[in-house]
Amino acid sequence: MNELTNQEQLVYDLLPRGIESSRTYNQLNLNIDKRAFFQVVNSLRLKGKVIGAIRGKTGGYYVATTETERNMALRQFEAQMLNEMKIISAIRKADLEEA
């Protein structure tokens, strides 16, 4: 496992364990801006930390503690990836407009 930076460790320690305890960025009261938070979360994921996110107003971030939570986190990424693959395919097939 890759070693965490101080900032990664801080964010990881503040993330609640389990989906029932998920917290939004604002609820976490971090001293980093939203963009930096998203970058840290992505970095943690790439280092093997299973961080899920529930989208929407009642959503939030959490550290997965069960296989069900892991699978829920994966489904969101898989759905996003499939949608992006459809967009890539449509762009490849589309006719270009003349200037």
Side-chain angles (χ1 to χ4, degrees):
M1 181 82 53
N2 295 326
E3 202 169 312
L4 303 183
T5 66
N6 288 339
Q7 191 173 49
E8 290 168 341
Q9 190 66 57
L10 171 74
V11 170
Y12 187 70
D13 289 345
L14 289 175
L15 291 171
R17 278 30 183 184
I19 197 168
E20 295 84 18
S21 301
S22 66
R23 297 287 179 265
T24 65
Y25 163 79
N26 290 332
Q27 291 171 324
L28 291 171
N29 293 317
L30 297 167
N31 290 325
I32 60 173
D33 65 41
K34 218 174 207 181
R35 186 175 190 171
F37 171 72
F38 295 140
Q39 290 173 340
V40 170
V41 168
N42 284 336
S43 179
L44 286 166
R45 287 171 172 155
L46 290 170
K47 290 183 176 183
K49 301 298 185 185
V50 184
I51 299 171
I54 304 168
R55 296 180 178 155
K57 291 183 179 181
T58 59
Y61 293 85
Y62 63 94
V63 175
T65 58
T66 66
E67 283 301 317
T68 299
E69 291 174 352
R70 177 200 310 264
N71 290 332
M72 290 175 70
L74 284 172
R75 274 194 299 269
Q76 288 181 337
F77 284 110
E78 290 167 344
Q80 179 180 339
M81 183 185 68
L82 289 173
N83 185 57
E84 290 182 8
M85 291 302 294
K86 289 177 187 176
I87 292 169
I88 289 169
S89 178
I91 289 172
R92 286 189 196 280
K93 295 175 186 175
D95 292 330
L96 296 175
E97 295 183 22
E98 292 184 27

Would you mind checking if Arg70 and Glu67 are paired as a salt bridge, meaning a charged N to carboxylate O distance below 4.0 Å? yes
For the atom pair CG (Asn71) and CD (Gln76), what is the distance rounded to the nearest 0.5 Å? 12.0 Å
If you look at every heavy atom in Ser22 and Gly60, which pair is closest and at what distance? CB-C, 3.9 Å
Is it true that Val41 and Leu10 fall in one hydrophobic cluster, defined by side-chain heavy atoms closer than 4.5 Å? yes
Return yes if some donor-acceptor pair links the side-chain N/O of Arg23 with the main-chain N/O of Tyr61 below 3.5 Å, else return no. no
Side-chain contact, heavy-atom cut-off 4.5 Å: Gln27 with Thr24? yes
Kindly check if the number of other-residue, nucleotide or ligand heavy atoms within 6.0 Å of CG (Asn31) is above 12? no
Over all atoms of both residues, closest heavy-atom pair of Leu28 and Leu14: CD2-O, 3.5 Å
Between atom OG1 of Thr66 and atom CD1 of Ile19, what is the distance when rounded to the nearest 0.5 Å? 8.0 Å
d(Leu15 CG, Leu30 CG) to nearest 0.5 Å is 7.5 Å
Once you measure the plane-to-plane angle for Phe38 and Tyr25, does it fall in the parallel (<30°), tilted (30-60°) or perpendicular (>60°) bin? tilted
If you measure from CE on Met81 to CG on Asn83, what distance do you get to the nearest 0.5 Å? 11.0 Å
Is the positively charged end of Arg17 above the ring of Tyr12, judged by distance under 6.0 angstrom from the centroid and angle within 45° of the axis? yes
Between the CD atom in Gln80 and the CZ atom in Arg55, the distance rounded to the nearest 0.5 Å is 5.0 Å
Would you say Ser43 and Gln39 are linked by a side-chain donor-acceptor pair, where the criterion is simply a distance under 3.5 Å? no
Grab the two heavy atoms, one from Gly52 and one from Ala73, that are nearest each other, plus how far apart they are. CA-CB, 3.8 Å
Any non-hydrogen side-chain atom of Val63 less than 4.5 Å from a side-chain atom of Val50? no
Would you check if Gln7 and Phe37 make a side-chain contact, meaning some heavy-atom pair closer than 4.5 Å? no
Are side-chain heavy atoms of Tyr62 and Glu69 found at a separation under 4.5 Å? yes
Minimum heavy-atom distance Glu8-Glu3, with the two atoms named: OE1-O, 4.1 Å
Val11 vs Ile32 side-chain heavy atoms within contact, under 4.5 Å: yes
Spacing of Gln9 atom CD and Leu4 atom CG [to the nearest 0.5 Å]: 5.0 Å
Is the count of non-hydrogen atoms from other residues, nucleotides or ligands lying under 6.0 Å from Asn26 atom CG greater than 12? yes
